[in-house]
Amino acid sequence: MGFIIGLYLEGHIYQFTTYNGSKISDLQIKENTVLLKVIKGAESIDFKISKHGDNILLSPKNGDMNGRIKESLNSEIEITLRSKGSILFKGKGINSGLEINGDILEDIKNDKSKKISLK
């Protein structure tokens, strides 16, 4: 279990990953909103994702494509990148994809590798 987040800004890629020591400091999953904050040293990135509608897609289940998942392709995402408390970037995107399946918070708690932890 892990995560990879990259934001390209003015010739630099800001990387937040499990393998570079980044940590999820906040994760809230509500019916139509996801709030996520990830930190690495003095840098942090915040996401607010608002789901707008969803579609049912086929997904793998027990080796066959007979499962079902909900995916939104018209969600809105707000991103704020900070370094040492100063805002480096703040922006909003529309028509973003969002797919959440299962109990992510429970999966993180039960992950034996402990590569992801909530602060």
Side-chain angles (χ1 to χ4, degrees):
M1 180 177 260
F3 62 89
I4 298 174
I5 300 168
L7 178 65
Y8 182 77
L9 179 64
E10 298 177 355
H12 180 75
I13 300 175
Y14 293 87
Q15 299 176 38
F16 298 87
T17 67
T18 46
Y19 55 81
N20 74 7
S22 299
K23 300 288 182 197
I24 296 173
S25 66
D26 187 29
L27 176 59
Q28 298 176 44
I29 302 170
K30 301 174 184 173
E31 186 173 342
N32 293 311
T33 306
V34 176
L35 302 174
L36 171 66
K37 180 175 187 132
V38 180
I39 58 172
K40 181 185 77 178
E43 297 175 345
S44 67
I45 191 163
D46 293 273
F47 297 89
K48 178 183 179 187
I49 308 166
S50 302
K51 183 174 77 169
H52 299 289
D54 51 35
N55 296 300
I56 304 295
L57 302 175
L58 291 173
S59 68
K61 183 176 180 183
N62 300 325
D64 293 317
M65 291 296 286
N66 58 8
R68 301 284 186 271
I69 60 170
K70 291 182 180 179
E71 179 183 66
S72 169
L73 294 177
N74 59 348
S75 295
E76 291 182 356
I77 183 169
E78 297 176 37
I79 300 172
T80 304
L81 175 68
R82 292 181 175 88
S83 181
K84 298 177 185 171
S86 297
I87 295 176
L88 302 179
F89 174 81
K90 186 171 181 123
K92 183 177 184 177
I94 58 171
N95 299 324
S96 300
L98 176 63
E99 172 188 320
I100 299 173
N101 290 291
D103 189 340
I104 295 170
L105 296 173
E106 191 64 26
D107 290 344
I108 290 171
K109 289 177 191 171
N110 293 328
D111 180 34
K112 292 186 184 354
S113 74
K114 299 301 179 199
K115 289 182 181 175
I116 296 179
S117 60
L118 297 172
K119 286 191 137 205

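Any value given below was found using the heavy atoms of this structure, including those in side chains, with hydrogens, waters and symmetry copies removed. Keep in mind it's a predicted model, so treat the numbers as computed, not measured.
- Sorted by first then second residue, the ring pair (Phe, Tyr, Trp, His ring centres under 6.0 Å) pairs that include residues 6-41, not counting sequence neighbours, are H12-Y14.
- The shortest non-hydrogen separation linking K40 to Q15 is NZ-O, 3.0 Å.
- Panel note: side chain T33, backbone S50; no donor-acceptor pair is recorded below 3.5 Å.
- Put simply, I77 and L73 are part of two different groups of oily side chains (I, L, V, M, F, W, Y) that touch within less than 4.5 Å, one to the next.
- Going from atom OG of S75 over to atom NZ of K48 covers 12.5 Å, rounded to the nearest 0.5 Å.
- Heavy atoms of other residues, nucleotides or ligands lying less than 6.0 angstrom from CD1 of I94 number 12 at most.
- To the nearest 0.5 Å, the span separating CZ on F89 from OG1 on T80 amounts to 8.5 Å.
- For the atom pair CG of N32 and CD1 of I49, the computed distance is 12.5 Å after rounding to the nearest 0.5 Å.
- Interatomic distance, F3 CZ to L36 CG, rounded to the nearest 0.5 Å: 8.0 Å.
- A continuous path of Ile, Leu, Val, Met, Phe, Trp and Tyr side chains, each step under 4.5 Å between heavy atoms, connects I29 with I24, placing both in one hydrophobic cluster.
- If you take CG on L7 and CD1 on I45, they are separated by 5.0 Å, rounding to the nearest 0.5 Å.
- Between the side chain of S22 and the main chain of T17, a donor-acceptor pair closer than 3.5 Å is present.
- Residue pairs meeting the salt bridge (charged side-chain N to carboxylate O under 4.0 Å, His left out) criterion with at least one partner in residues 79-88, sequence neighbours excluded, are D46-R82.
- Between L58 and M65, the shortest heavy-atom contact is CD2-O, 3.7 Å.
- The closest donor-acceptor contact from the side chain of K37 to the backbone of S44 lies at 3.5 Å or more, if one exists at all.
- Looking at every heavy atom in both residues, L88 comes nearest to S83 through CD1-CB, 3.6 Å.
- With values rounded to the nearest 0.5 angstrom, I79 atom CD1 is found 10.5 Å from L9 atom CG.
- A donor-acceptor contact shorter than 3.5 Å links the side chain of N74 to the backbone of H52.
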Yes or no on side-chain contact (heavy atoms from CB on, under 4.5 Å) for I39 and K23, after CA distance, side-chain angles and deciding distance? CA-CA 5 Å; I39 58 172; K23 300 288 182 197; 4.3 Å; yes

